[in-house]
Chemist: 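Dropping the structure in here first, questions after.
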Number of protein chains: 2
Amino acid sequence: MNPMPKPPTMKDVAAAAGVALKTVSRHVNGATNIDPALASRIATAITELGYRHNLAAASIRPGRSAKVIGLVISDLANPYWSVLARSVERTLSENGYLLMTVSSEEDADRHRLLVDRLIAQRVDGLIVSPPRRDTTGWAADAAPLLPVVAIDRPLAPLLPSPTDAHPAAAPTPTPPAAEASAPLLTSPGADADAPHPTQPGAAADAPLVDTILADNAGGAEAATRELLRHGARRILFLGDSLELYTMRERNAGFRRALGLDPASDDDRASVATAHTAAEAAEVVTALLGTGRIDAVFAANNRASTGAVDAFTRAGTRLPLIGFDDFEAATLVRPGISVVAQDVAQMGETAAHAVLARLAGETPPPTTTTLRTRLVLRGSELP
Amino acid sequence: MNPMPKPPTMKDVAAAAGVALKTVSRHVNGATNIDPALASRIATAITELGYRHNLAAASIRPGRSAKVIGLVISDLANPYWSVLARSVERTLSENGYLLMTVSSEEDADRHRLLVDRLIAQRVDGLIVSPPRRDTTGWAADAAPLLPVVAIDRPLAPLLPSPTDAHPAAAPTPTPPAAEASAPLLTSPGADADAPHPTQPGAAADAPLVDTILADNAGGAEAATRELLRHGARRILFLGDSLELYTMRERNAGFRRALGLDPASDDDRASVATAHTAAEAAEVVTALLGTGRIDAVFAANNRASTGAVDAFTRAGTRLPLIGFDDFEAATLVRPGISVVAQDVAQMGETAAHAVLARLAGETPPPTTTTLRTRLVLRGSELP
DNA sequence: GCCCCGTGAGACAACGTTGTCTAGCCGGTC
DNA sequence: GACCGGCTAGACAACGTTGTCTCACGGGGC
């Protein structure tokens with residue numbers, strides 16, 4: 001009747017079975033060297049009392065862990081993140097781990113709070129999508145304590161000292177431009193001959209933590225080239241704020257395809273920012289018919305959706321390719337062509353990276369760049 | 001250099017600050033009655049050593065908890081569940097709780113395993129979507145231990161004894177049929193005058209745990225009536241397996257609108273089962289042009305998507321209403337009309353239900369039925 | 001000057017579990 | 001018949017933290 005009496009402990013089970021506490025512990029932990037008679041007495045006592053093993057208590061012993069991983073993303077309701085979370089969960093689950101998922105909403109302070117909370121909870125590892133405007137130094141604090149993996153975006157370089165305001169676009173001309181389809185695995189320093197990976201002055205590009213990225217620039221470049229190939233000349237880059245790493249990369253790939261200096265403000269590239277599908281639709285609606293654009297590269301899902309919505313409402317359309325695949329892409333005619341990321345593989349790779357570190361592997365942190373795939377469905381045509 | 005030396009404890013902090021361990025504990029827990037001099041020495045020691053409070057260890061004291069809730073759903077990658085999970089997470093987060101989310105994949109055994117694991121982890125409460133073919137009795141085991149809330153579906157009645165194979169369609173004629181638009185809150189027994197809610201022999205419909213449902217039957221009935229209003233006479237019910245509670249309810253509402261005996265096999269109601277959008281598209285494609293159907297009620301997202309896909313490919317269409325809103329519904333012309341559930345509110349309600357129990361409230365378990373909304377966008381028209 | 005009381009700090013045990021170590025038992029061997 | 005080795009069971013301490021209790025100190029009242 002009493003709603004929730006305090007749950008029985010091993011001690012209670014031991015008393016009921018008439019054995020020592022430690023013997024119950026052995027039984028619960030699956031030790032084989034137990035007298036069958038005692039084992040069955042213990043089993044009976046456990047079911048009769050309704051005993052439940054307390055993993056939380058067990059996990060405070062050093063060397064034992066709760067087998068829980070933390071995942072910090074920006075919004076679980078966004079299909080991109082939820083598919084990623086599902087993939088992480090599946091891989092971890094197969095390895096006996098549970099997942100705690102939290103949403104940072106791109107807020108650096110909230111992000112910091114959540115990371116601290118997860119660490120206090122003593123998760124075994126963290127998979128994190130670093131927030132934009134990330135100034136809290138959470139990674140430097142967390143990485144020495146437990147395995148940390150950055151996903152979707154790299155960590156912001158720590159303390160971009162205010163002196164090097166514009167490190168000059170010319171000196172580092174155009175990065176060697178990863179092949180259109182990047183290799184599955186890129187090693188850390190890339191320059192294999194550098195003997196000491198950490199270079200004091202220069203911002204060494206060896207990552208602080210394992211990092212899993214998509215080939216944003218390469219995908220965007222391929223999409224843009226495809227639009228160009230079909231005769232587009234004034235392509236609109238429609239995306240979210242360039243504060244987001246993925247947007248900067250996709251924009252860079254876009255400009256590279258156009259043959260523009262990555263840092264210049266050449267007006268051949270028109271760029272529009274929209275945070276929601278509605279905003280994106282507004283932008284496109286305003287430009288349709290003005291002749292100022294003749295194709296659209298939608299740099300994320302919401303931009304794609306907004307553009308299609310604008311097209312549908314206007315009863316006309318322009319060539320379009322979007323970044324990230326989405327369910328509705330096949331429902332309209334022509335089908336929406338997209339740069340598809342393998343989100344599931346990203347999650348799986350991230351989970352494996354954490355698991356490897358937990359298994360004791362300690363190679364220097366690696367950045368993995370996952371290939372993207374250009375899926376053509378017709379919307380790229382004039 | 002050493003990758004991960006064992007993290008400092010309160011004892012280390014106390015030693016470094018030259019105070020007693022308990023004083024550090026007081027400081028960490030925000031006690032006010034601490035000598036400012038000692039407090040600052042402790043604060044310094046904490047930052048210097050990089051001490052982190054260990055909530056896992058703290059939570060083994062009786063009366064203290066880790067503030068974690070478990071959520072068991074069928075698939076986090078499904079937008080329906082991810083939006084629900086997000087809503088639960090948001091509400092819990094506002095109340096200082098973290099969320100552990102796991103996917104059961106509708107497998108009863110896996111579901112049982114996950115629930116047991118979460119209980120072993122000593123979560124404070126559980127929000128669970130019961131799996132289909134639920135025979136493991138997990139709820140009866142879990143409910144006495146911690147607050148449990150069922151979401152999206154009620155618990156299966158325990159042990160449907162094999163004797164009452166077909167409890168006869170006639171004896172229980174047509175259930176009083178909840179009003180077309182259910183009230184926001186339905187109390188447990190419904191029959192307010194029953195003094196003793198538990199009735200030995202009969203399966204009392206007082207729920208075992210708090211339950212949050214959508215008005216599946218009502219929504220489906222409204223949608224079907226709308227199709228009928230526009231002249232449809234041979235409507236296809238296109239949904240997933242009727243093993244799923246939600247499907248049974250939606251089918252019941254569908255039949256009610258058609259004026260069919262809920263248990264009869266009247267062939268005026270054509271029913272097709274499809275697990276994926278592709279299967280749904282196949283079914284619709286096969287029926288299009290045969291004249292055997294003149295409208296479609298798609299009982300879930302995937303069915304809607306599949307039907308639209310079939311229409312688009314065939315270059316024709318039939319009147320269509322779907323259950324559950326989805327992003328693509330507004331992208332095609334005509335827009336897809338749907339029965340929309342307020343998924344976010346469902347998550348919030350479930351979270352509040354757990355929080356209320358954790359706050360010590362112990363009213364008898366309640367079933368809450370959330371209203372659905374018929375959103376007409378044009379696809380219902382001939 | 002003495003006592004009482006309020007305040008803040010520390011000693012100790014406890015939470016539920018597991019690692020280590022010792023004691024005991026049994027069978028086999030010389 | 002004595003000894004040894006292999007095996008299981010139990011006593012004990014420890015994990016990192018917090019609740020309880022006690023103690024020391026200092027100030028104020030008589």
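Everything quoted here is computed from the prediction, not taken from an experiment.
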Chemist: Closest heavy-atom contact between B/Leu76 and A/Ala85?
Modeler: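 So the two residues come closest at CD2-CB, 3.8 Å.
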Chemist: Whole-Å distance between C/dT17 P and A/Ile46 CD1?
Modeler: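 My rounded result for the distance is 10 Å.
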Chemist: Hey, does the side chain of B/Ser87 reach the backbone of B/Ala344 with a donor-acceptor pair shorter than 3.5 angstrom?
Modeler: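 Looks like yes, one N/O pair under 3.5 Å.
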Chemist: Side chain of B/Ala20, heavy atoms from C-beta onward: which of C/dT18, C/dG10, D/dG10 has the nearest atom to it?
Modeler: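 Looking only at heavy atoms from C-beta outward on B/Ala20, the closest nucleotide is C/dG10.
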Chemist: Ignoring backbone atoms, test whether B/Ser25 places a side-chain nitrogen or oxygen under 4.0 Å from the OP1 or OP2 oxygen of D/dT18.
Modeler: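 True: B/Ser25 side-chain N/O within range (under 4.0 Å) of D/dT18 OP1/OP2.
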Chemist: For B/Arg122 versus A/His53, what's the shortest heavy-atom pair and its separation?
Modeler: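 Looking at all heavy atoms of both residues, the shortest contact is NH1-O, 3.2 Å.
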Chemist: With heavy atoms under 4.0 Å as the rule, sort A/Leu21 into base, sugar-phosphate or nothing.
Modeler: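 Base: the residue A/Leu21, judged by heavy atoms under 4.0 Å, touches a nucleobase.
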Chemist: Under 4.0 Å between a side-chain N/O of A/Arg64 and OP1 or OP2 of C/dG19, yes or no?
Modeler: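 The answer is yes; a side-chain N or O of A/Arg64 sits under 4.0 Å from OP1 or OP2.
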Chemist: To the nearest Å, how far apart are B/Asn29 CG and D/dT17 P?
Modeler: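 These atoms are roughly 10 Å apart.
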Chemist: Counting heavy atoms from C-beta on, name the nucleotide in D/dT20, C/dG8, C/dC15 closest to the side chain of B/Lys22.
Modeler: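 When the side chain of B/Lys22 is considered, D/dT20 is the closest of D/dT20, C/dG8, C/dC15.
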Chemist: How many angstroms lie between atom OG of A/Ser65 and atom CG of A/Leu358, to the nearest 0.5 angstrom?
Modeler: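 It comes to 7.5 Å.
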Chemist: On DNA chain C, nearest-nucleotide positions of B/Thr23 versus B/Arg122: which is more 5'?
Modeler: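 Closer to the 5' end of DNA chain C: B/Thr23.
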Chemist: Starting at CG of A/Asp12 and ending at P of C/dG16, how long is that distance when rounded to a whole Å?
Modeler: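 From A/Asp12 CG to C/dG16 P: 8 Å.
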Chemist: Grab the CE-C1' distance between A/Met10 and D/dC15 for me, whole Å please.
Modeler: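 Rounded to the whole Å, the gap is 15 Å.
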Chemist: Toward the 5' end of DNA chain D, which comes first, A/Leu38 or B/Thr9, by nearest nucleotide?
Modeler: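 Whichever sits nearer the 5' end wins; that is A/Leu38.
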Chemist: When the distance from NZ of B/Lys6 to P of D/dT17 is rounded to whole Å, what number comes out?
Modeler: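 Nearest whole value for this atom pair: 13 Å.
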Chemist: Write down the distance between CG (B/Leu55) and P (D/dT17), rounded to a whole number of angstrom.
Modeler: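 After rounding, the gap between these two atoms is 10 Å.
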Chemist: Once you round it to whole Å, what is the distance between P of D/dC15 and CZ of B/Arg61?
Modeler: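 About 16 Å, once rounded to whole Å.
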Chemist: Look at the side chain of A/Arg26 and decide which nucleotide, out of D/dG10, C/dG10, D/dT17, has an atom nearest to it.
Modeler: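 The answer is D/dG10.
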Chemist: Below the 4.0 Å mark, does D/dT8 have OP1 or OP2 next to a side-chain nitrogen or oxygen of A/His27?
Modeler: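 A/His27 to D/dT8 OP1/OP2: no side-chain N or O under 4.0 Å.
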Chemist: Quick check: on DNA chain C, is the nucleotide nearest A/Ala57 upstream (toward 5') of the one nearest A/Pro62, or the reverse? Name the residue that is more 5'.
Modeler: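 Taking each residue's closest nucleotide, the earlier one in sequence belongs to A/Ala57.
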Chemist: Students often get this wrong, so: under 4.0 angstrom with heavy atoms, is B/Val19 touching a base, only sugar-phosphate, or nothing?
Modeler: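 Sugar-phosphate contact only.
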Chemist: Rounding to a whole Å, what distance do you find between B/Ile60:CD1 and D/dG16:P?
Modeler: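 Taking atom P of D/dG16 as the reference, CD1 of B/Ile60 is at 11 Å.
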Chemist: Please report the closest heavy-atom contact between B/Val209 and B/Ala143, naming both atoms and the distance.
Modeler: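 It is CG1-CB, 4.0 Å.
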